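The structure under discussion appears below in the form of structure tokens.
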Number of protein chains: 2
Amino acid sequence: MSISSRFAVGVHILALLEVNKGEANSSEFIAASVNTNPAVIRKIIGMLKKAGLVNVRPGIAGAQPAKNLSEITLHDVYKAVQVVQEKELFSVHDQPNPDCTVGRNIQDTITPMFSAAEQAMEKALDNVTISDVVDDILRKEAVQ
Amino acid sequence: MSISSRFAVGVHILALLEVNKGEANSSEFIAASVNTNPAVIRKIIGMLKKAGLVNVRPGIAGAQPAKNLSEITLHDVYKAVQVVQEKELFSVHDQPNPDCTVGRNIQDTITPMFSAAEQAMEKALDNVTISDVVDDILRKEAVQ
DNA sequence: TTACATGTAATCATTTTAGTTACACGTTCC
DNA sequence: GGAACGTGTAACTAAAATGATTACATGTAA
């Protein structure tokens with residue numbers, strides 16, 4: 001199972017806003033870059049907006065970053081697009097047998113262990129900003 | 001999206017083998033503790049066997065850990081049950097527009113970033129062994 | 001040979017995702 | 001005011017993945 005590509009698309013969108021900052025960046029234009037449907041882009045941009053990462057207004061083409069891109073981390077985007085929603089990244093089988101020693105304790109035991117691993121991942125995502133992403137894209141572009 | 005509960009079930013099975021080590025631990029018995037179907041248990045045990053974590057033989061009831069439980073980490077189980085198979089934990093949208101600067105570089109840019117986060121998570125899973133899980137279960141059980 | 005266990009394939013229902021369509025609503029400009 | 005264009009959002013669809021279930025071949029032991 002894989003994590004929703006909404007995450008990667010969210011990063012793509014923010015990077016595109018910077019690289020293409022002279023343009024209007026309508027949902028249709030962004031959709032062409034991502035290669036998907038404009039409605040999908042609008043939905044994801046709506047999530048980024050709700051998280052305070054971009055500014056966008058109805059009827060006006062284009063979106064703008066709501067803060068400096070060096071202040072937006074991959075973790076911010078990860079949270080914004082609700083990759084895991086209210087649920088945990090790791091799912092635990094529910095309703096194990098309460099008549100069994102392991103069954104009645106396994107959930108309480110492994111949940112914090114799984115959370116620790118999830119937090120380690122999120123911390124790693126905190127170390128990379130959209131600015132880093134843009135820099136890397138432009139570096140790769142210059143080399144070619 | 002959540003990571004397959006196969007992972008949690010795999011941990012459950014290994015812990016049960018230890019806590020209940022006097023018994024036969026047939027797939028039917030384990031299924032009752034996990035609260036699922038015996039065939040599901042057999043499939044997961046088969047994966048654990050292939051990874052060298054348990055010993056089990058056709059026709060003979062029960063499975064046994066193939067090594068000391070303090071030498072089996074959550075990461076070992078994670079890999080054994082193929083939570084992410086050959087794919088990455090993070091999925092990247094494919095076929096972004098090659099005519100766009102961001103589109104033709106985004107995949108190569110974010111893939112290693114995502115991998116780093118994934119590895120941070122796996123490293124955290126390496127810090128916990130099945131022995132730790134069993135100890136915690138028995139500790140919780142004693143308190144009640 | 002009978003009883004019981006594992007190994008494994010096939011099928012099904014459920015859930016989630018992304019894609020698609022459609023339309024209400026906001027903005028701009030003539 | 002109205003035409004053109006854009007965002008916001010809901011509804012529906014197709015595809016993919018998961019876990020559950022059933023069935024049966026194969027292995028073991030008494």
Side-chain angles (χ1 to χ4, degrees), chain A residues 1-10 12-13 17 23-51 54-64 66 81-96, chain B residues 1-10 12-13 17 23-51 54-64 66 81-96:
Chain A
M1 168 100 300
S2 284
I3 286 178
S4 168
S5 67
R6 275 204 308 275
F7 182 26
V9 173
H12 186 137
I13 292 171
L17 293 184
E23 308 296 323
N25 292 318
S26 66
S27 64
E28 187 174 5
F29 176 86
I30 297 174
S33 174
V34 173
N35 190 23
T36 184
N37 192 288
V40 172
I41 297 297
R42 288 200 289 272
K43 184 176 181 184
I44 295 177
I45 285 182
M47 295 174 121
L48 296 176
K49 178 184 182 181
K50 188 174 290 184
V54 303
N55 292 321
V56 55
R57 284 183 302 172
I60 302 181
Q64 300 80 38
V81 300
Q82 300 181 74
V83 170
V84 294
Q85 294 184 299
E86 75 283 352
K87 294 168 59 182
E88 304 282 330
L89 175 62
F90 294 93
S91 61
V92 180
H93 53 296
D94 54 347
Q95 303 184 328
Chain B
M1 168 99 302
S2 284
I3 286 178
S4 169
S5 67
R6 274 204 309 275
F7 182 24
V9 173
H12 186 137
I13 292 171
L17 293 185
E23 309 295 323
N25 292 317
S26 66
S27 64
E28 188 175 2
F29 176 87
I30 296 174
S33 174
V34 174
N35 190 23
T36 183
N37 192 287
V40 172
I41 298 298
R42 288 200 289 273
K43 184 177 180 182
I44 295 177
I45 285 184
M47 295 174 120
L48 297 176
K49 177 184 182 182
K50 188 175 292 185
V54 302
N55 291 322
V56 55
R57 284 183 303 170
I60 303 181
Q64 300 80 37
V81 301
Q82 299 182 73
V83 171
V84 295
Q85 294 186 299
E86 73 285 350
K87 295 167 60 182
E88 304 282 329
L89 174 63
F90 295 94
S91 62
V92 180
H93 53 296
D94 54 348
Q95 302 184 330

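Owing to the predicted nature of the structure, the values given are computational and were not obtained by experimental measurement. Labels below follow one simple rule: chain letters A, B, ... track the order of the sequence lines, proteins then strands, and each chain is numbered from 1.
- Here D:dT9 presents its P atom at 15 Å from CD1 of A:I44, a figure rounded to the nearest Å.
- Look at A:S5 and you won't find any side-chain N or O under 4.0 angstrom from OP1 or OP2 of C:dT17.
- Taking the side chain to side chain contact (heavy atoms under 4.5 Å, CB included) definition, one finds that A:E23 meets it with A:N20, A:N25, sequence neighbours left out.
- Listed here is the closest heavy atom pair of A:S27 and A:R42: OG-NH1, 3.0 Å.
- The phosphate of D:dG6 has neither OP1 nor OP2 within less than 4.0 Å of any side-chain N or O from A:R42.
- Rounded to whole angstrom, the span from the CZ atom of A:R6 across to the P atom of C:dT16 amounts to 11 Å.
- With rounding to whole Å, B:K43 atom NZ is found 11 Å from D:dA20 atom P.
- Considering only residues two or more places apart in sequence or on other chains, A:V40 meets the side chain to side chain contact (heavy atoms under 4.5 Å, CB included) condition with A:T36, A:N37, A:I44.
- For the pair B:A39 and B:E28, both in contact range of DNA chain C, the more 5′-proximal nearest nucleotide belongs to B:E28.
- Contact check for A:I41 versus A:V9: side-chain heavy atoms found under the 4.5 Å cut-off.
- Between B:M47 and B:R6, some side-chain heavy-atom pair lies under the 4.5 Å cut-off.
- The CD1-C1' distance, from A:I41 to D:dT9, rounds to 15 Å in whole Å.
- When distances run from any side-chain atom of B:N37 to the nucleotides D:dT7, C:dT20, D:dT22, the shortest one goes to D:dT22.
- Side-chain atoms of B:V34 and A:H93, non-hydrogen and from C-beta on, do get closer than 4.5 Å to each other.
- To the nearest angstrom, C1' of C:dT15 lies 19 Å from NE2 of A:H93.
- Rounded to an integer number of Å, the gap from A:E23 CD to D:dG6 C1' is 16 Å.
- Between A:K49 and D:dG8, a side-chain N or O to OP1/OP2 separation shorter than 4.0 Å is present.
- A straight line from CD1 of A:I30 to C1' of D:dG6 spans 12 Å, rounded to a whole angstrom.
- A 4.5 Å side-chain heavy-atom check between B:N35 and A:D94 finds every atom pair outside the cut-off.
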* **Protein proximity profile, nucleotides 25-30 of chain D - base contact B, sugar-phosphate-only contact S, no contact -, cut-off 4.0 Å on heavy atoms** => --BS--

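- Here D:dG8 presents its P atom at 13 Å from CE of A:M47, a figure rounded to the nearest Å.
- Side-chain N/O atoms of B:T36 include none lying less than 4.0 angstrom from OP1 or OP2 on D:dG19.
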